S.K.: 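The structure follows.
Quick caveat, the model's predicted, so the values are computed rather than measured. Computed over heavy atoms, backbone and side chain alike; hydrogens, waters and symmetry mates excluded. When a ligand or atom number is given, it counts from 1 through the structure's own listing order.
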Amino acid sequence: MALYVQKYGGTSVGSVERIEAVADKVKSFRAQGHDIVVVVSAMSGETNRLIALAKDIQEHPDSREMDVLISTGEQVTIALLAMALKKRGIDARSYTGGQVRILTDNAHSKARIQDIETQRIRTDLDAGRVVIVAGFQGVDADGNITTLGRGGSDTTGVALAAALKADECQIYTDVDGVYTTDPRVVASACRLEKITFEEMLEMASLGSKVLQIRSVEFAGKYKVPLRVLSSFKDGPGTLITTEDEDTVEKPIISGIAFNRDEAKLTVKGVPDLPGVASRILGPISRQNIEVDMIVQNVAADKTTDFTFTVHRNDYDKAYQILQQIVAELGAREYVGNKEIAKVSIVGVGMRSHAGVASKMFDTLAAENINILMISTSEIKVSVVIAEKYMELAVRALHAAFNLDKADTVCE
Ligand code: ADP
Ligand code: ASP
Ligand code: MG
């Protein structure tokens, strides 16, 4: 019999009815003799509601207190699920992250898991209990409650599966697997039977929020068998695996990711001298602003235009910093644009195929979509375009790379 760690997301525990349905599902796994550790998210919308409450008091609330607040959503669902299981005659026990103990660093709101004590869970499993753990939260060395970043319950699930050496970590959500792109944007997107850790990591990093980035990193590092499934309907879902031999047979592009969370800033007419990049990006990084894409080009007059993207939440801060350094640099002007989106094609098959990027550019050109920035790696090509064309670009690329259901068999 197997040990499964099953994570149920916000929609899957979004109401008492849904929690009862999860209890039925867990009961059926127990009936087959499997050991089950369940990780739950807060009810859908709850974490946002809690954040809004805090912001009503203060725009930037204290980060320690924020974690005390937003970790409460998961404490509600663990208890309700334990009650629903007990009602069904299944012995179950709920634990907060701190009770388990899921030890993290002290970076509030983006804490990293450092260690998980498994003894308490093992004792419960040996006694035939279902163990229910609150996702998204842990505790630092001083006993302060921490949270793992939005979508962090995925990481709790994977980390627990790694610590317990579970047979599989199953992420139950509101879609029945990982699709070639977000099925809410492209109706003809199709479910992938398998995807490599490497591709999934790119997809997640480039905007596919079906799995939190860190959960994929963790699963890849500790070789945790990971599956994304629907809690609403039965099916095999999508298995995230290590790369297999039949890569040659794989489609060149596995998926398309998109992201509306970035903004672009450009410093124009900077004298082209050594140290420009460091003088622009140094002050930005010292304010803890992460820079994603960077483009620099030199004009005939020996000046350079320097463009970079940051998270949209950091845009105002970055804009203010530029205001200060533009004069020091002797640059002509600086401009910013928040209405951008990043669209990326991802696939390990790209390694062995030329012309993938140019096919992407041709497809966008045929739709009259202007490309503002480009970045590539071995297994992805990303472009920045105007936000209003994002969905059009994703649909056109999905069709051009034969990912539409009619063209390819994903299942
Ligand atoms: P949960 O609350 O269960 O954690 P999320 O909302 O975090 O669920 O993740 C599931 C959502 O991810 C889906 O509803 C879907 O809209 C979105 N999504 C984005 N990209 C993809 C993709 N490539 N495949 C499947 N779902 C995707
Ligand atoms: N409840 C948290 C969030 O909404 C964590 C999670 O759902 O994974 O981000
Ligand atoms: Mg999620």
S.K.: Which heavy atom of the protein is the closest neighbour of atom 24 (N) of ligand 1, given with residue, atom name and distance?
M.R.: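 Answer for atom 24 (N) of ligand 1: Tyr179 N, 2.8 Å.
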S.K.: Measure the distance from atom 4 (O) of ligand 2 to every protein heavy atom, then report the residue, atom name and distance (to 0.1 Å) of the closest one.
M.R.: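 For atom 4 (O) of ligand 2, the nearest protein heavy atom is Arg150 NH2, 3.0 Å.
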S.K.: Return yes when Gly152 approaches ligand 2 closer than 4.0 angstrom through a heavy atom, no otherwise.
M.R.: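 Yes; Gly152 lies near enough to ligand 2 that a heavy-atom distance drops under 4.0 Å.
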S.K.: How far is atom 7 (O) of ligand 1 from its nearest protein heavy atom, and which residue and atom name does that atom have?
M.R.: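 Nearest protein contact, heavy atoms only, for atom 7 (O) of ligand 1 is Lys209 O, 3.5 Å.
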S.K.: Checking Arg18 against Phe232: charged group under 6.0 Å from the ring centre and within 45 degrees of the axis?
M.R.: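 Cation-pi check for Arg18 and Phe232: passes.
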S.K.: State the atoms of ligand 1, each with its element, that fall below the 4.0 Å cut-off from a heavy-atom position in Val178.
M.R.: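 In order of numbering, the contacting atoms are 24 (N).
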S.K.: Which of the numbered atoms in ligand 2 are below 4.0 angstrom from a heavy atom of Glu74?
M.R.: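 That gives atoms 1 (N), 2 (C), 5 (C) of ligand 2.
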S.K.: Nearest to atom 14 (O) of ligand 1, what protein heavy atom do you find, and at what distance?
M.R.: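 Nearest protein contact, heavy atoms only, for atom 14 (O) of ligand 1 is Arg184 NH2, 2.5 Å.
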S.K.: Counting only heavy atoms not in Lys110, do more than 12 fall under 6.0 Å of its NZ?
M.R.: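 Counting neighbours around NZ of Lys110, 12 or fewer heavy atoms of other residues, nucleotides or ligands fall under 6.0 Å, so no.
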S.K.: Hey, looking at atom 25 (C) of ligand 1, which of Gly9, Ser208, Gly177 has the closest heavy atom?
M.R.: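 When every heavy atom of Gly9, Ser208, Gly177 is considered, Gly177 comes closest to atom 25 (C) of ligand 1.
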S.K.: Any carboxylate oxygen within less than 4.0 angstrom of a Lys/Arg side-chain nitrogen, looking at Asp105 and Arg112?
M.R.: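 Salt bridge between Asp105 and Arg112, a charged N being under 4.0 Å from a carboxylate O: no.
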S.K.: Establish, yes or no, whether the cationic atom of Lys359 lies under 6.0 Å from the six-membered ring centre of Phe401 and within 45° of the ring axis.
M.R.: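 Output yes; distance and angle both within limits.
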S.K.: Test your reading of the structure: does Ser41 have an N or O sitting under 3.5 Å from an N or O of ligand 2?
M.R.: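 For ligand 2, there is an N or O atom that lies under 3.5 Å from one belonging to Ser41.
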S.K.: Can you find a side-chain donor-acceptor pair between Thr155 and Ser215 that sits under 3.5 Å?
M.R.: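 On atom types as modelled, these side chains do not qualify, holding no pair under 3.5 Å.
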S.K.: Indicate, as side chain, backbone, both or neither, the part of Val210 found under 4.0 angstrom from ligand 1 when only non-hydrogen atoms are considered.
M.R.: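 Both backbone and side chain.
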S.K.: Do other residues, nucleotides or ligands put more than 12 heavy atoms under 6.0 Å from the NZ atom of Lys317?
M.R.: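 Yes, because the 6.0 Å sphere around NZ of Lys317 holds more than 12 heavy atoms from other groups.
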S.K.: With a 4.0 Å cut-off on heavy atoms, does Gly151 reach ligand 2?
M.R.: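 Yes.
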S.K.: Are any of the N or O atoms of Gly10 closer than 3.5 Å to those of ligand 1?
M.R.: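 So ligand 1 has an N or O lying under 3.5 Å from an N or O of Gly10.
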S.K.: Check if Pro183 has a non-hydrogen atom at a distance under 4.0 Å from any atom of ligand 1.
M.R.: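 Yes, that is the case, since the closest heavy atom of the residue is under 4.0 Å from the ligand.
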S.K.: Work out whether the distance between some heavy atom of Lys7 and some atom of ligand 1 is less than 4.0 Å.
M.R.: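 It does, in that a heavy atom of Lys7 comes within the 4.0 Å cut-off of ligand 1.
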S.K.: Quick one: which of Thr146, Asp140, Thr147 gives a side-chain hydrogen bond (donor to acceptor under 3.5 Å, both in side chains) with Thr104?
M.R.: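 With Thr104 as partner, Thr146, Asp140, Thr147 yield a single side-chain hydrogen bond (donor to acceptor under 3.5 Å, both in side chains), made by Thr146.
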S.K.: Just wondering, more than 12 heavy atoms not from Gln119 lying within 6.0 Å of its CD?
M.R.: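 For Gln119, atom CD is not crowded (no more than 12 foreign heavy atoms under 6.0 Å).
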S.K.: Enter the distance from His34:NE2 to Leu125:CG here, rounded to the nearest 0.5 Å.
M.R.: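 Rounded to the nearest 0.5 Å, the NE2-CG separation comes out at 14.0 Å.
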S.K.: Ignoring angles and geometry beyond distance, decide whether Asp154 reaches within less than 3.5 Å of ligand 1 through its nitrogen or oxygen atoms.
M.R.: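 Min N/O separation from ligand 1 is not below 3.5 Å for Asp154.
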S.K.: Kindly state if atom 1 (P) of ligand 1 has a protein heavy atom within a strict 4.0 Å cut-off, that is, under 4.0 Å?
M.R.: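 It does: a protein heavy atom is found less than 4.0 Å away from atom 1 (P) of ligand 1.
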S.K.: Got a salt bridge between Asp154 and Arg214, using NZ or NE/NH1/NH2 to carboxylate O under 4.0 Å?
M.R.: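 No, no charged N to carboxylate O under 4.0 Å.
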S.K.: Using a strict 4.0 Å threshold on nitrogen-to-oxygen distance, state whether Lys380 and Glu199 make a salt bridge.
M.R.: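 No, no charged N to carboxylate O under 4.0 Å.
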S.K.: Pairs of nitrogen or oxygen atoms closer than 3.5 Å, one from Asp182 and one from ligand 1: do any exist?
M.R.: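 By distance alone, the answer is yes.
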S.K.: Side-chain donor-acceptor pair under 3.5 Å between Asn368 and Tyr389, yes or no?
M.R.: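 Tyr389 and Asn368 do not have a side-chain donor-acceptor pair below 3.5 Å.
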S.K.: Between Glu387 and Arg312, does at least one N-O distance fall below 4.0 Å, as a salt bridge requires?
M.R.: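 Judged by the 4.0 Å cut-off on N to carboxylate O distance, Glu387 and Arg312 do form a salt bridge.
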S.K.: Any atoms of ligand 1 less than 4.0 Å from a non-hydrogen atom of Thr173? List them with their elements.
M.R.: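 Going through ligand 1 atom by atom, the ones under 4.0 Å from Thr173 are 1 (P), 3 (O), 8 (O), 9 (O), 10 (C).
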S.K.: What atoms of ligand 1 come closer than 4.0 angstrom to any heavy atom of Asp174?
M.R.: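 Answer, ordered by atom number: 10 (C), 11 (C), 13 (C), 14 (O).
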S.K.: Side chain, backbone, both or neither: which applies to Ile171 and ligand 1 if a contact is any heavy-atom pair less than 4.0 Å apart?
M.R.: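 Ile171 to ligand 1: no contact under 4.0 Å from either part.
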S.K.: Do ligand 1 and Thr180 have nitrogen or oxygen atoms that lie under 3.5 Å from each other?
M.R.: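 It does not: no N or O of Thr180 is found under 3.5 Å from an N or O of ligand 1.
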